[in-house]
S.K.: 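Pasting a structure below so you can have a look.
Hydrogens, waters and symmetry mates play no part in the numbers below; they use all other heavy atoms, side chains included. To find a chain, count down the sequence lines: A is the first, B the second, and so on, and within it residues start at 1.
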Amino acid sequence: MNQASSKSPAAQLQQSRREKLQKIIQLGHDPWGHRLDERLPIGEARAMESQITKVTTDEGREEEQGPRVRVAGRIMLQRKAGKLIFLDIRDWTGKIQLLVGKRQVGEEQWELAQCFDLGDLIAAEGELKHTRTGELSVFVERLWIMTKTLEPPPEKHHGLTDPELRQRLRYLDLTYTPGVMERFLRRTQIVQAIRRTLDEQGFVEVEGPTLHAIAGGAAARPFETYHNALGIPLYLRIALELHLKRLLVGGMERVYELGRVYRNEGISPRHNPEFTMLEAYQAYGDYHTMMDLTEQLVLAALAATGQGQQVPWGETTIDFTPPFERITYAEAFRKHTGVDPEDAEAVARLAQSLEIETEGRHPDVIKNEVFEELVEPKLTGPVFVLDYPASICPLTKRKRDNPQVAERFELFIQGMEVANAYTELNDPDLQEELFRTQLAGLPPEESMARMDHDFIRALRHGMPPAGGLGVGIDRLTMLLTGAQTIREVILFPLLRPEGKRE
RNA sequence: GAGGCUGUAGCUCAGUCGGUAGAGCAACGGACUUUUAAUCCGUAGGUCCGGGGUUCGAGUCCCCGCAGCCUCACCA
């Protein structure tokens with residue numbers, strides 16, 4: 001019959017929008033808009049409600065007089081009532097109703113308003129007053145199209161609910177799913193507060209390399225890539241640690257990096273292949289120094305989100321009242337398993353009952369698997385677990401009076417590992433030995449590849465005794481914003497590529 | 001990587017026992033100068049995730065694949 005009926009349904013939905021786009025051009029407007037000065041964020045415009053006064057007209061009627069405001073935003077809702085249109089527009093500070101009357105704006109502007117669709121970005125100027133039903137509104141005298149939209153927005157009351165669509169179409173999720181924008185803005189506040197706190201304490205922020213010839217500093221499978229001109233394989237970094245420690249050697253006494261690391265591993269509600277990590281190193285400190293710092297960082301982040309110290313989390317509440325509980329690894333183990341962590345045989349029996357492989361493995365590794373299985377889920381915290389078995393801590397200094405125990409702590413909240421800190425190992429010979437022990441069991445070519453000789457050389461040049469801290473920013477943000485999955489705090493979590501479209 | 005669940009209009013969702021694919025919102029046409037998820041009348045819109053199979057007949061049953069979610073595995 002006509003071309004429209006042969007088009008795809010999506011194209012048919014676009015068609016009326018494209019026709020309106022042409023109409024806007026015919027009316028002499030630019031459908032893609034341009035700079036707009038003197039515009040007020042909607043939140044600020046709303047705050048001017050108090051400036052509205054009541055006056056009595058010459059005819060003796062009482063009416064309102066309000067300030068002139070100019071606002072811009074996306075059309076969320078449109079109600080047409082004859083020669084009157086009510087538009088709800090929204091920017092990232094709030095929502096406000098616009099009242100557009102044909103008589104009030106004139107023929108030309110009225111024609112322009114006929115070209116508006118849900119989702120369009122528009123601007124309006126007029127008097128801020130209340131409608132008859134008391135709704136604060138802009139009584140429009142002038143309208144602009146700022147940007148025409150060609151796709152229909154999501155359903156107006158439910159928004160997007162399909163988690164896949166929410167992640168793929170995050171740009172829609174941000175405006176149409178309640179709370180999403182707020183959560184990501186909170187994430188920014190958290191990161192800002194952490195930077196501010198560190199900066200105030202004299203730390204300097206640096207940017208280390210993300211391409212590593214040797215992916216060290218953590219145990220994780222790296223992403224592999226290749227440099228064409230140099231003809232060498234490279235890895236995306238899995239940790240910030242080894243380069244920051246080199247800077248400690250270089251004399252940067254308080255140094256941190258807040259950046260992305262990449263781990264080529266599984267995806268889960270708590271794992272995304274790329275995530276944001278803070279690592280901070282303080283010369284002449286130790287793990288207790290970093291424990292205090294961690295607490296300060298968490299509290300500063302919390303304060304920045306404008307919340308109290310009781311934070312809702314699912315069905316329960318997390319109590320961030322300082323000081324956070326502190327418990328040794330051994331005590332925590334005993335408390336939550338009922339087994340003496342020193343009793344290797346009892347630990348092994350417990351491990352076997354959990355179907356953990358014990359054959360030919362180091363007792364501390366077995367113990368730690370039991371710990372992860374039975375203890376970590378019970379650490380609702382916030383709780384600092386300190387003094388880890390030395391054999392599972394290859395980058396950590398041992399306790400002076402007990403070389404079996406490493407000066408390391410982890411901060412657990414709701415069973416999640418949020419922070420990890422050490423008194424940093426600075427003995428180059430011991431470090432080299434621990435690397436070798438750690439790598440024993442790996443094929444020789446792989447173990448040589450992982451041995452970072454330059455890092456050992458750096459230690460031989462002298463790294464001051466220091467405390468080092470790592471904080472998982474995504475997980476911390478989850479906890480401070482009530483997000484039950486990491487995908488709710490990462491703007492664009494990794495997804496498989498979309499199949500064919502159109 | 002394994003198992004379970006899910007996938008229907010742009011969006012949110014129904015779809016009985018296997019018998020011609022539905023609603024709301026959005027869109028389009030019409031009425032309405034104080035609406036609030038506006039309302040009322042009318043119209044149009046489908047690769048039922050993809051591919052095979054069983055059947056007279058498949059959105060529905062079976063097999064394979066794709067994607068998402070959950071659990072597990074991996075994650076010193």
Side-chain angles (χ1 to χ4, degrees), chain A residues 1-2 4-5 7-17 19-20 76-88 95 97-105 110 117-119 129-137 139 149-169 172 176-177 216-222 238-239 263-271 273 275 355 361-362 364-365 368-369 372 388-396 406 408 417 420 434-435 437-442 450 484-485 487 493 495-502:
Chain A
M1 190 166 56
N2 57 36
S5 59
K7 283 183 184 167
S8 70
Q12 287 176 41
L13 282 167
Q14 277 188 29
Q15 186 177 296
S16 73
R17 287 171 180 261
E19 284 165 2
K20 288 172 185 170
M76 305 302 287
L77 246 41
Q78 191 167 207
R79 294 176 291 281
K80 294 191 172 184
K83 298 186 170 47
L84 207 56
I85 306 172
F86 296 91
L87 293 156
D88 288 354
K95 260 188 190 178
Q97 176 173 272
L98 308 181
L99 191 162
V100 180
K102 185 176 184 184
R103 204 165 53 229
Q104 290 82 348
V105 298
W110 183 251
D117 285 303
L118 292 181
K129 288 192 296 192
H130 296 99
T131 58
R132 213 171 277 169
T133 47
E135 177 83 13
L136 185 67
S137 308
F139 284 64
T149 54
L150 298 175
E151 296 276 357
E155 211 267 0
K156 68 187 181 188
H157 349 111
H158 302 98
L160 292 177
T161 60
D162 178 358
E164 180 175 357
L165 279 179
R166 288 191 49 215
Q167 292 167 61
R168 289 196 196 280
L169 310 182
L172 293 181
Y176 290 98
T177 308
R221 284 163 58 196
I238 57 173
R263 297 187 178 178
N264 204 341
E265 285 159 4
I267 296 173
S268 85
R270 271 159 239 73
H271 301 265
F275 62 99
E355 293 177 353
R361 303 179 80 192
H362 192 288
D364 285 345
V365 173
N368 199 48
E369 290 204 11
E372 288 176 2
Y388 277 65
S391 52
I392 60 168
C393 308
L395 294 159
T396 312
R408 171 185 182 182
E417 179 194 336
N420 183 15
L434 291 178
F435 271 164
T437 328
Q438 196 67 199
L439 296 168
L442 292 174
R450 292 290 203 95
Q484 301 286 318
T485 146
R487 294 178 218 104
L495 290 174
R496 286 191 149 90
E498 241 177 321
K500 293 181 286 212
R501 285 214 138 206
E502 293 168 47

S.K.: Side-chain N or O of Thr161(A) versus OP1/OP2 of rC13(B): is the shortest distance under 4.0 Å?
M.R.: yes
S.K.: Among the candidates rC75(B), rU35(B), rU33(B), find the nucleotide nearest to the side-chain atoms of Ala220(A).
M.R.: rC75(B)
S.K.: Base, sugar-phosphate, or nothing for Glu155(A), non-hydrogen atoms under 4.0 angstrom?
M.R.: base
S.K.: Using the P atom as the reference point in each nucleotide, state the distance between rG59(B) and rG22(B) in Å, no decimals.
M.R.: 13 Å
S.K.: OP1 or OP2 of rU35(B) less than 4.0 angstrom from a side-chain nitrogen or oxygen of Arg79(A), does that happen here?
M.R.: no
S.K.: Looking at every strand, decide which applies to Arg103(A) at a 4.0 Å heavy-atom threshold: base, sugar-phosphate, or nothing.
M.R.: base
S.K.: Any side-chain heavy atom of Leu84(A) within less than 4.5 Å of one from Val100(A)?
M.R.: no
S.K.: Name the nucleic acid region contacted by Gln104(A), choosing base, sugar-phosphate or nothing; use a 4.0 angstrom heavy-atom cut-off, strictly under.
M.R.: base
S.K.: Applying a 4.0 Å non-hydrogen cut-off, can you work out what Asp88(A) is touching in the nucleic acid: base, sugar-phosphate, or nothing?
M.R.: nothing
S.K.: Side chain of Leu13(A), heavy atoms from C-beta onward: which of rC11(B), rU71(B), rA26(B) has the nearest atom to it?
M.R.: rA26(B)
S.K.: Using a heavy-atom cut-off of under 4.0 Å over every strand shown, decide if Lys95(A) touches base, sugar-phosphate, or nothing.
M.R.: nothing
S.K.: Scan side-chain atoms only and decide if Arg79(A) and Gln97(A) contain a donor-acceptor pair under the 3.5 Å cut-off.
M.R.: yes
S.K.: With respect to the side chain of Pro394(A), which nucleotide from rU35(B), rA76(B), rA38(B) is positioned closest?
M.R.: rA76(B)
S.K.: Does any nucleotide pair with rU43(B) by Watson-Crick or G-U wobble geometry, both distances under 3.5 Å, and what is it?
M.R.: rA27(B)
S.K.: Give one of base, sugar-phosphate or nothing for Ile85(A), where a contact means two heavy atoms less than 4.0 Å apart.
M.R.: nothing
S.K.: Partner of rG3(B) by Watson-Crick or G-U wobble geometry, both contacts under 3.5 Å, or none?
M.R.: rC70(B)
S.K.: Taking the same atom, P, in rU60(B) and in rG18(B), what whole-Å distance lies between them?
M.R.: 11 Å
S.K.: Would you tell me if any nitrogen or oxygen in the side chain of Gln15(A) comes within less than 4.0 Å of OP1 or OP2 on rA44(B)?
M.R.: no
S.K.: Between the main-chain N or O of Pro493(A) and the side-chain N or O of Arg487(A), is there a donor-acceptor pair closer than 3.5 Å?
M.R.: no
S.K.: Using side-chain heavy atoms (C-beta onward) and a distance below 4.5 Å, is Glu151(A) in contact with Gln14(A)?
M.R.: yes
S.K.: Using the C1' atom in both, what is the distance from rU20(B) to rG24(B), to the nearest Å?
M.R.: 23 Å
S.K.: Whole angstroms only, please: what is the CZ-C1' distance between Arg270(A) and rC69(B)?
M.R.: 14 Å
S.K.: Between rA26(B), rA27(B), rU34(B), spot the one nearest the side chain of Ser16(A), thanks.
M.R.: rA27(B)
S.K.: Report which part of the nucleic acid Gly101(A) touches: base, sugar-phosphate, or nothing (heavy-atom distance under 4.0 Å, all strands).
M.R.: nothing
S.K.: What contact category does Arg496(A) fall into here, base, sugar-phosphate, or nothing, at under 4.0 angstrom with non-hydrogen atoms?
M.R.: sugar-phosphate
S.K.: If you look at every strand shown and take non-hydrogen atoms under 4.0 Å, does Pro269(A) touch a base, only sugar-phosphate, or nothing?
M.R.: sugar-phosphate
S.K.: I'd like to know if the side chain of Gln167(A) and the backbone of Pro163(A) have a donor-acceptor N/O pair within less than 3.5 Å.
M.R.: yes
S.K.: I'd like to know if Glu135(A) reaches the base of rU34(B) with its side chain such that a donor and an acceptor end up less than 3.5 angstrom apart.
M.R.: no
S.K.: More 5' along RNA chain B: Lys80(A) or Leu99(A), using each one's nearest nucleotide?
M.R.: Leu99(A)
S.K.: Mark yes or no for a side-chain to base donor-acceptor pair under 3.5 Å between Arg132(A) and rU34(B), with no hydrogen or angle criteria applied.
M.R.: no
S.K.: Check every strand shown and say whether Thr131(A) touches a base, only sugar-phosphate, or nothing at a heavy-atom separation below 4.0 Å.
M.R.: base
S.K.: Any donor-acceptor pair under 3.5 Å linking the side chain of Thr396(A) with the backbone of Pro394(A)?
M.R.: no
S.K.: State which of rA76(B), rA67(B), rU34(B) makes the closest approach to the side chain of Leu395(A).
M.R.: rA76(B)
S.K.: Roughly how many Å apart are rG46(B) and rG10(B), using the P atom of each and rounding to a whole number?
M.R.: 8 Å
S.K.: For atom C1', what is the distance between rA44(B) and rG7(B), given to the nearest Å?
M.R.: 26 Å
S.K.: Considering every strand and a 4.0 Å limit on heavy-atom distances, what is the contact class for Lys156(A): base, sugar-phosphate, or nothing?
M.R.: sugar-phosphate
S.K.: So what's rA9(B) paired with, Watson-Crick or G-U wobble, going by both distances under 3.5 Å?
M.R.: none
S.K.: Hey, which sits more toward the 5' end of RNA chain B by its nearest nucleotide, Leu77(A) or His158(A)?
M.R.: His158(A)
S.K.: Please confirm whether the backbone N or O of Arg270(A) pairs with a side-chain atom of Ser268(A), one donor and one acceptor, at under 3.5 Å?
M.R.: yes
S.K.: Heavy atoms only, 4.0 Å cut-off, all strands: where does Arg487(A) land among base, sugar-phosphate and nothing?
M.R.: sugar-phosphate
S.K.: Out of rU12(B), rC75(B), rA38(B), which has the shortest distance to the side chain of Ala219(A)?
M.R.: rC75(B)
S.K.: Tell me which nucleotide among rC70(B), rC32(B), rA76(B) gets nearest to the side chain of Asn368(A).
M.R.: rA76(B)
S.K.: Check the pair Trp110(A) / Ile85(A) against side-chain contact (heavy atoms from CB on, under 4.5 Å), numbers first and verdict last.
M.R.: CA-CA 10 Å; Trp110(A) 183 251; Ile85(A) 306 172; 3.6 Å; yes
S.K.: Applying a 3.5 Å limit to both distances, which nucleotide forms a Watson-Crick or G-U wobble pair with rU33(B)?
M.R.: none
